[in-house]
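Notes to accompany the following structure.
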Amino acid sequence: GKEGPLVHVAVCWAQTLSGFFPQFQNEGKRRELFSAAAAAGVSTAFGAPLGGVLFSLEEVSSFFPSRTLIRAFTAAMAAAIVLSVINTTNTRELTLFSVE
């Protein structure tokens, strides 16, 4: 769908940035980071932070503890806020894609 490229870019950035921080060398921690990145990607695509968290819960993680839920929600909200501040479409809407 339309969210695919944004999720892919977000997870690629998470993979790249995880190499700079020693706490993300553990595979479990890296998966938590990928869950948060996927939530941010969907949140950016549709302007729906809760949708991003649910996507991350359903598709990315096989184990989703509450700590990962909080991180995914924080990343999704941060992505939505940055998207609203940047306002790339000049419509004051919180989506990159719209159906007309």
Side-chain angles (χ1 to χ4, degrees):
K2 293 180 179 179
E3 76 281 358
L6 291 171
V7 171
H8 184 81
V9 167
V11 174
C12 286
W13 272 107
Q15 172 65 30
T16 301
L17 294 175
S18 70
F20 295 112
F21 299 98
Q23 66 263 31
F24 292 113
Q25 299 306 314
N26 180 356
E27 185 65 29
K29 294 283 188 183
R30 192 175 300 135
R31 285 180 185 251
E32 289 180 12
L33 185 63
F34 293 162
S35 293
V42 172
S43 176
T44 303
F46 298 116
L50 288 179
V53 173
L54 291 175
F55 175 84
S56 176
L57 171 66
E58 181 180 354
E59 298 294 330
V60 179
S61 295
S62 57
F63 180 67
F64 207 83
S66 60
R67 178 178 55 210
T68 305
L69 178 72
I70 292 169
R71 289 179 180 169
F73 183 71
T74 303
M77 286 301 297
I81 290 169
V82 167
L83 183 63
S84 69
V85 168
I86 292 174
N87 190 21
T88 58
T89 59
N90 291 325
T91 60
R92 306 300 294 164
E93 293 180 5
L94 190 60
T95 61
L96 286 178
F97 304 110
S98 62
V99 177
E100 295 184 29

Establish whether L6 and W13 are linked, either directly or via other cluster members, by ILVMFWY side-chain heavy-atom contacts under 4.5 Å. no

One should read off an interatomic distance between E58 CD and F64 CZ, to the nearest 0.5 angstrom, of 11.5 Å

Answer yes or no: is there a donor N or O on one side and an acceptor on the other, between the side chain of S35 and the main chain of V60, under 3.5 Å? no

Identify whether V53 and F34 are in the same connected component of the hydrophobic contact network (ILVMFWY, side-chain heavy atoms under 4.5 Å). no

Among the clusters formed by ILVMFWY side chains lying less than 4.5 Å apart, do V9 and F20 turn up in the same one? yes

E32 side chain near F24 side chain, heavy-atom distance below 4.5 Å: no

Donor-acceptor pair, S43 side chain versus A76 backbone, under 3.5 Å? yes

Any donor and acceptor pair, going by atom type alone, linking the side chain of T44 with main-chain N or O of A40 inside 3.5 Å? yes

In terms of heavy-atom contacts, A10 and A37 come closest through CB-O, 3.2 Å

Taken to the nearest 0.5 Å, the spacing of Q23 CD from Q25 CD works out to 9.0 Å

Are the side chains of L57 and L69 in contact, using a 4.5 Å heavy-atom criterion? no

Rounding to 0.5 Å, atoms CG (N26) and CZ (R31) come to a distance of 10.5 Å

Which distance, rounded to the nearest 0.5 Å, do you find between the OG1 of T68 and the CZ of F73? 15.0 Å

Greater than 12 external heavy atoms within 6.0 Å of R30's CZ: yes

Spacing of CG belonging to L33 relative to CD belonging to Q15, to within rounding of 0.5 Å: 9.0 Å

